[in-house]
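Let me begin by presenting the structure, written as structure tokens, before commenting on it.
First the proteins, then the strands, lettered A, B, ... as listed; each starts at 1. Here the structure is a predicted model, which means the values were calculated and not measured.
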Number of protein chains: 2
Amino acid sequence: MPSVTVENYLKRILLLSAGNGGLVSMGALAEALAVVPGTVTTMVKALAADGLVVHAPRRGVRLTAAGRRLALGVLRRHRLVETFLVNVLKMDWGAVNAEAEQLEHAISDAVLDRLDALLGHPSVDPHGDPIPGRQGQLPSQVYATLATCGLARALRVVRVTDQSMEFLQFAEKHGLRPGAAVRVTDRHLASGLVTLRRPGGRPLTLSLVAAGRILVEPER
Amino acid sequence: MPSVTVENYLKRILLLSAGNGGLVSMGALAEALAVVPGTVTTMVKALAADGLVVHAPRRGVRLTAAGRRLALGVLRRHRLVETFLVNVLKMDWGAVNAEAEQLEHAISDAVLDRLDALLGHPSVDPHGDPIPGRQGQLPSQVYATLATCGLARALRVVRVTDQSMEFLQFAEKHGLRPGAAVRVTDRHLASGLVTLRRPGGRPLTLSLVAAGRILVEPER
DNA sequence: GAATACATTTTGACTAGTCAAAACAAACGG
DNA sequence: CCGTTTGTTTTGACTAGTCAAAATGTATTC
């Protein structure tokens, strides 16, 4: 049974490896885990010895099949718990991430299955993030973001890929939760600003970086 | 924030201190925690240094007010989680103890409050054990057991004070769950046997020890 | 009251995970 | 090409929790 620490490392590597060729730098991992870089090096070598990752010294780390399977399990627990906290316990959208961070390590498969059934086998969590299946299948779809989508198109928010409480509350406040209709009216690369409009709402300006964290799909 | 280990020690001390004058022996604690006695001595000294217990060397250990408050918190989490697992997730009566053992350390006050409300602020868990209140108030009532009650009286099971899966499954199988009607027809001290009868059920014989783990109150 | 039994405590050692700080490698700028 | 910057690895040390086994009290028995 992997320790809480191992589960956290694997989950982080999985989350950070989206984008690059699956290779995660020691620095990024240390940052995300709130740990000193040297610790990560030590720990990653231990994970590699257990066959959960491959470590390319001074280049980065990548999950093995076994490591990925474990990481997807943690992610599944995390996202199902989040869904439960929001849908059943009616907890605050922004606060559930921290709660799930704890519970994801304490929940057994038996409990998880019941929870999954109770929630109606959801495929995405309240932030719109996909929930891995029991065998680790991940409906990996490529979405545009508010930073990359076409202008003036009718769009729908599908996902918010930033778990920080400030960002989630900001998004919530302006109605940018999964399912919300939105339209980008202007994008100015030099100043790094994106302006959007929600039907019935005031125009909203945010940075390109923030816009890049909101995934969208064409309306209908 | 107390560690998982500290929480487990405190909870065990609380559970074992019922009966004796609150004084728990190192041996009993080691046994209950599945740890070697020397480890308990070391750990108890650390707990004492933190003001959570008082350690009377070679005599035993007792909770301080602070330790008791913490322990009751853990117990509250444990029993509310059990109630949730049985009442909402419809999990097996005998299996929930092990699950709750993990979850009790991962659940925050915020989540617990919602859970408590969802369950309708229950005062006992599925085994009939009382659930401590938010401020640690424990409805401490003295019950008779099947080993001590009067003969031929109409009784009702209120609580099963043995968390082992075998015992719980045995009790379940013979309808001895909280609320069940029962009557002791015979008790033979020499052989250590108790015979009972459930309305509409066959007579059942069990040992005095086992009978002592089933708390009852007079019918009506 | 001495001898024995039993529980408890002490001692030394080990594992998992972490940090601080020194040593190192690779890339980059001039 | 050489020096500097930047990220990575190594080293040594520390904490929490644990065990095995020896040492020590305390009780019990005769």
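Counting to the nearest Å, the P atom of C/dG17 and the NZ atom of A/Lys45 are 15 Å from each other. Between the P atom of D/dT10 and the CE atom of A/Met43 lies a distance of 16 Å, rounded to the nearest Å. A/Met1 places its CE atom 17 Å from the C1' atom of C/dA16, with the value rounded to the nearest Å. As a whole-Å value, the separation of B/Leu33 CG from C/dT8 C1' is 16 Å. Summarising the geometry, the separation between CG on B/Asn8 and C1' on D/dA16 is reported as 14 Å, rounded to the nearest angstrom. Note: CG (B/Leu29) to P (C/dT9) measures 11 Å, nearest angstrom. One atom, CZ of A/Arg59, and another, P of C/dC24, lie 23 Å apart when rounded to the nearest Å. Straight-line distance from the NE2 atom of A/His105 to the P atom of C/dG17: 12 Å, rounded to whole Å.
Under 4.0 angstrom from either OP1 or OP2 of D/dT9 there lies at least one side-chain N or O belonging to A/His55. Not one side-chain nitrogen or oxygen of B/Thr41 sits closer than 4.0 Å to the OP1 or OP2 atom of C/dT10. An OP1 or OP2 oxygen of C/dG17 is reached within less than 4.0 angstrom by no side-chain nitrogen or oxygen of A/Thr42. For C/dT18, one of the phosphate oxygens OP1 or OP2 lies less than 4.0 angstrom from a side-chain nitrogen or oxygen of A/Tyr9.
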Determine, stepwise, if the pair B/Arg77 / B/Glu7 fulfils salt bridge (charged side-chain N to carboxylate O under 4.0 Å, His left out). CA-CA 11 Å; B/Arg77 298 204 290 276; B/Glu7 290 195 339; 2.7 Å; yes
Under the salt bridge (charged side-chain N to carboxylate O under 4.0 Å, His left out) rule, what do B/Arg134 and B/Asp109 come out as? Steps first, then yes or no, please. CA-CA 9 Å; B/Arg134 265 163 49 108; B/Asp109 282 349; over 6 Å; no
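A/Ala110 and B/Glu99 get closest at one heavy-atom pair: CB-OE2, 3.9 Å. Nearest approach of A/Pro132 to A/Arg76, heavy atoms of both residues: O-NH1, 3.0 Å. Looking at every heavy atom in both residues, B/Val216 comes nearest to B/Val157 through CG1-CA, 4.1 Å.
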Between N or O atoms, less than 3.5 Å apart, protein on one side and nucleotides 4-7 of chain D on the other: list the pairs.
{"residue": "D/dG7", "atom": "N2", "partner": "A/Arg58", "partner atom": "NH1", "Å": "3.1"}

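A salt bridge links B/Arg12 with B/Glu101: the closest approach of a Lys/Arg side-chain nitrogen to an acidic carboxylate oxygen falls below 4.0 angstrom.
Where A/Thr39 and B/Thr39 meet DNA chain C, the nucleotide closest to each residue was compared, and B/Thr39 sits on the side nearer the 5' end.
Among the heavy atoms of the strands lying under 4.0 Å from A/Val35 are primed sugar atoms or P, OP1, OP2 only; no base atom is included. Using a 4.0 Å heavy-atom distance criterion, A/Thr5 is classed as a sugar-phosphate-only contact.
A donor and an acceptor atom, one from each side chain of B/His105 and B/Asn8, are located under 3.5 Å apart.
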